[in-house]
Structure formats: C-alpha cells, structure tokens
Amino acid sequence: MAGPEVVAPTGEIDEVGRRLLPSIAGVYAKATQSMNAACSSVGGPAGWEILAFAQAAQRMLAESGDNSYDAAVGLAKIAAGYDSTDNVNADLLPEDPDVVFPTPPNPKLRTL
Amino acid sequence: MGLGTAEVVQKVADVKHAAWEAWTRLTAYTPSMYAEDVYVPPQWSVKNEIESIYPRIDAAFAWVWSFPEPDTYDAAIEAVREVRQTIVGTELNGKVEDVKGKLDDWRGEGGTNFRANFVHRFESAIDNQGDMLEAVTNAYKSGQAVTQTSLNDAGALLDAAWKAFKELKSDGGSGWGDAAKLAFNIIALGTGIAAAAGTGGASAVFALSVVSGSTGFLANVIPDAPEKAPGALPGDDPLQVTDALVGQASELKNASDKAGRDLVTLVNRDLGFLLGHEKDFAPTRPTIAGA
C-alpha cells in the first residue's frame, strides 16, 4: 500500500531523515535517561506523587524522541525510493543516534 | 544547609540523656529532705517510670524518619535542571530550525502532514516541555524544603528540650517540694492521668502552656522560607518538659503532614494538567512515518 506522498529534493529528505531527526531523537533519548536518574535518586514520603510527576515528564520526553526517530525512519525510506511502510535494509535506515531508546522501537516501522 | 536525619537522631539521644540527668538530679538526696522527714528515697519502680519517658520521646519524633535525607533531592533537582536546559537550549532549537529550513518547498500529502503535525508542533511542544520540567523541578524543591524545614524544626525543638532539661534544678534548701511534685507526677504518669501527647492528646500541663513556636509549614512549600524555631518549652520538672516536648513534636508532625498534603495537591494539579494535555507536550508522530 502506498504511503503519503512527499515531493521534495531527495537530498533534503535524506538529510532530514538520516541525520537531523535522528539527532533530535538522540537529544530526547539522553534527556529521558537523565530524567530516569532523577526519578530514581529520591523518593519522598508515600503519596507525595513527586515521583509520578517526574515519570510522566519522562514519558513525554521519550515520546518526543520516539516520534522523531519514527519520522526519521519514514523519511529515510522515502529518500531511498521506498514507501514509508516498506521493509528495507538496515543500511537504509537513519544513522544510529548512539543512544539507547527508553521505549521499545515501533516494530512496524523499524522492521528491516 | 540544614540538619540531616542522623543529626536529629543524635539530638533525640542527647535529649533522652539530659532527661535522665534531670530526673536523677531532682531525686537526689539533700540534707533538708531528711531534716523535714518527708523524703522517700527513689525506688526501682521510680526508675522504671522515669524510663517510660524514653519511648514517649522516641515516638514523638518517629515521623521524622519517614522523610528522605534532604540532600538526596539535590541530585534530582540538578538532573532535571540540566534536562530542561537541554530541551529549551540552543542545541535542540537549532536542530529543529535546520529541519524547518529544509521544508519550504516540500509538497505532497506526506510533506504537508509532516510539516503541520510534526515540525510546526515541535516549537510549542518544546515550550511546554520547558514549563513541565520547571514544574517538576519546583516539586522537587518543595519536597526538599518541606523535608528540610521539618528536620530543622525538629532539631530546634530538641535543642530547646535539651536546654530545658539541663536547666531544671531542685530548689535547694526546700528540695522536698520538688521531690513531692516529682512523686506526684510519676504517679500521674503511671496511672495515665497525664495523658501523653504522643498518644494523640495533650496533657493538662501542655494544654495550659502556649505553643507559639509551631512553624507555619505552609511556608515550607516556598523554597528558602525563613526558619522559625519552636517556642520555649514550659515546665519546672522533667514531666512537664517531656509533655511539652511531645506535644510540640506532635504539632510539628501535624504541620508537616499538612505541608505534605499541600504539596500533593500542587503536584497532582500539575500532573493532572500534564496528563490532560498530553498531546501538547510531544509532537505528533506524522503519518509520513507510516502509522
């Protein structure tokens, strides 16, 4: 099934999909890891809910990172001439942002 | 900086020791006691009564141990501060600007969606995330302030108790008066007439005293709020001092609990807002990604 059409210079799509967006995802991934450290370093009396607050913030940062990386995957596939939902070879995916993503990658989008 | 729990633990031990010293000092033999033929030497049962003060003092400050060490908040506050700086700083904004700069001539359904639902939402998401992280930082700071002020106030109260016990003296030549009062109070304690504040009520002695020093813990949610030491402990014998100490400790506990509840209200309000507007805090994953 054909995905949404993107009409733009292939070089630009490739640059955004394989470098810029993964880099943004990397910023969020690192921020999420730091938030995880903040969550685990202090508790507080039961019911203070500070931890739940920090965890909610962490989840939203992680979501931004995942959304950025998933968008990058879609663009990288398009730049390589595939549909955004196609399975592609690993070397066509965005460059590794060198971080461990805090939430599981979307298996549909990141399947090789 | 303020007190840590270990220091408050030591103060509790010091106060118990000072209480013991005060009891032994006031029940000591004086020649006038024999002269007036009213003195009854302390019995072992008296010693047991005296030692009943210890668990009351321990129980009065048990709530302190439910707090984490205030210093442990520092790392969390610093971590969230750094995260916020990363999100609202120039690095991330610069990357988003780079992406936006590429998009001017992008066309097609996917391009439109990518621009509208993802990239253009990023800037407001970053702003909201900055606010969110500031709120988290403030929550940690408030938790630290409540914890620290609670410990500081407990420490000040214990200092006042230590001083009061140290200053308790028999009245010299007519020491039998003190001894008689002590005997009465010991009996009262043993029979429960002097209700322990630690069990929920204030003793008659405590009720007649003025507790003016219970810190307004509402101020605790404001970082760096000025500290206010508890008022002087009334009493002219160890039981009265103990009653007042236990009562004021109970007041501090209640005030601390209230500050904790106020903090919960604040945090839950922000948390509720966060969860109610979740879509505003992260850019939408564009259908270009193949959803």
Side-chain angles (χ1 to χ4, degrees), chain A residues 3-9 12-13 15-16 19-21 23-24 27-28 30-32 34-50 52-54 56-75 77-78 83-86 106 108-109, chain B residues 66-68 72-73 75-80 82-83 86-87 91-92 95-96 98-99 102-103 105-114 118 122 125-126 129 132-133 135-136 139-140 142-144 147 260-261 263-264 267-268 270-271 274-275 278 281-291:
Chain A
E5 181 188 29
V6 177
V7 180
E12 284 190 6
I13 299 175
E15 167 74 357
V16 173
R19 192 181 68 80
L20 289 175
L21 287 181
S23 175
I24 289 173
V27 171
Y28 275 101
K30 288 176 182 171
T32 307
S34 296
M35 280 300 293
N36 186 48
C39 291
S40 60
S41 62
V42 65
W48 277 29
E49 301 293 350
I50 292 176
F53 193 14
Q58 178 189 8
R59 183 164 58 80
M60 290 176 191
L61 295 176
E63 189 179 346
S64 292
D66 277 359
N67 288 350
S68 298
Y69 192 75
D70 285 345
V73 171
L75 288 178
K77 290 177 182 177
I78 290 171
D83 188 82
S84 61
T85 57
D86 289 343
N106 183 320
K108 177 182 176 185
L109 294 171
Chain B
S66 67
F67 289 114
T72 61
Y73 284 96
I77 291 169
E78 178 60 18
V80 180
E82 287 179 2
V83 169
T86 299
I87 298 301
E91 181 191 2
L92 181 58
K95 293 177 188 297
V96 174
D98 283 349
V99 173
K102 304 284 185 189
L103 297 178
D105 54 355
W106 286 29
R107 299 290 182 269
E109 181 191 346
T112 301
N113 176 274
F114 180 71
F118 183 70
F122 228 116
I126 288 174
Q129 287 164 0
M132 170 182 74
L133 292 166
V136 173
Y140 275 126
S142 296
Q144 184 178 43
T147 304
R261 288 194 299 275
L263 181 57
V264 167
V267 169
N268 280 338
D270 289 340
L271 185 59
L274 192 64
L275 297 176
E278 199 163 342
F281 286 87
T284 303
R285 187 161 65 92
T287 54
I288 187 65

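Just so we're clear, the structure is a prediction, and the values are computed from it rather than from any experiment. Letters A, B, ... mirror the listed sequences (proteins, then strands); counts begin at 1. All values below were derived from every heavy atom in this structure, side-chain atoms included, with hydrogens, water molecules and symmetry-related copies excluded.
- Heavy atoms closer than 4.5 Å to chain A are found in both the backbone and the side chain of B:Glu278.
- When heavy atoms are compared at a cutoff of 4.5 Å, B:Thr284 approaches chain A solely by way of its backbone atoms N, CA, C and O.
- Residues A:Ser68 and B:Phe122 share a closest heavy-atom pair of OG-CZ, 3.5 Å.
- Across A:Ala57 and B:Leu274, no two heavy atoms sit closer than the pair N-CD2, 4.1 Å.
- The nearest pair of heavy atoms linking B:Leu275 to A:Ala56 is CD2-CB, 4.3 Å.
- Of the N and O atoms on the side chains of B:Glu82 and A:Ser34, not one donor lies less than 3.5 Å from an acceptor on the other residue.
- Counting heavy atoms from C-beta outward, A:Glu63 and B:Phe281 have side chains that stay 4.5 Å or more apart.
- Distance check: A:Ile24 CD1 to B:Asp98 CG gives 8.0 Å after rounding to the nearest 0.5 Å.
- Two residues are said to be in side-chain contact when any heavy atoms from C-beta on lie closer than 4.5 Å; A:Val27 and B:Glu91 meet this criterion.
- If you measure heavy-atom distances from B:Asn113 to chain A, you find no contacts under 4.5 Å at all.
- Heavy atoms of B:Ile87 lying under 4.5 Å from chain A belong exclusively to its side chain.
- Heavy-atom distances place no part of B:Ala125 under 4.5 Å from chain A, backbone and side chain included.
- For chain B, no part of A:Ala72 is nearby; none of its heavy atoms comes within less than 4.5 Å.
- Across A:Val6, A:Val7, A:Ile13, the residue that shares the most heavy-atom pairs under 4.5 angstrom with chain B is A:Val7.
- When side chains are defined from C-beta on, A:Pro9 counts as touching B:Asp105, because their heavy atoms get closer than 4.5 Å.
- Comparing B:Leu103, B:Ile77, B:Val80 by heavy-atom pairs within less than 4.5 Å of chain A, the highest count is held by B:Val80.
- One finds the CH2 atom of B:Trp106 at 5.0 Å from the CG atom of A:Leu75 (value rounded to the nearest 0.5 Å).
- Taking all atoms of both residues into account, the shortest heavy-atom contact from A:Phe53 to B:Met132 is CZ-O, 4.4 Å.
- Both the backbone and the side chain of B:Val136 have a heavy atom closer than 4.5 Å to some heavy atom of chain A.
- A:Ile78 is not listed as a side-chain neighbour of B:Phe114, based on a closest heavy-atom distance of 4.5 Å or more.
- The structure places CE of A:Met35 at 5.5 Å from CG of B:Leu133, a figure rounded to the nearest 0.5 Å.
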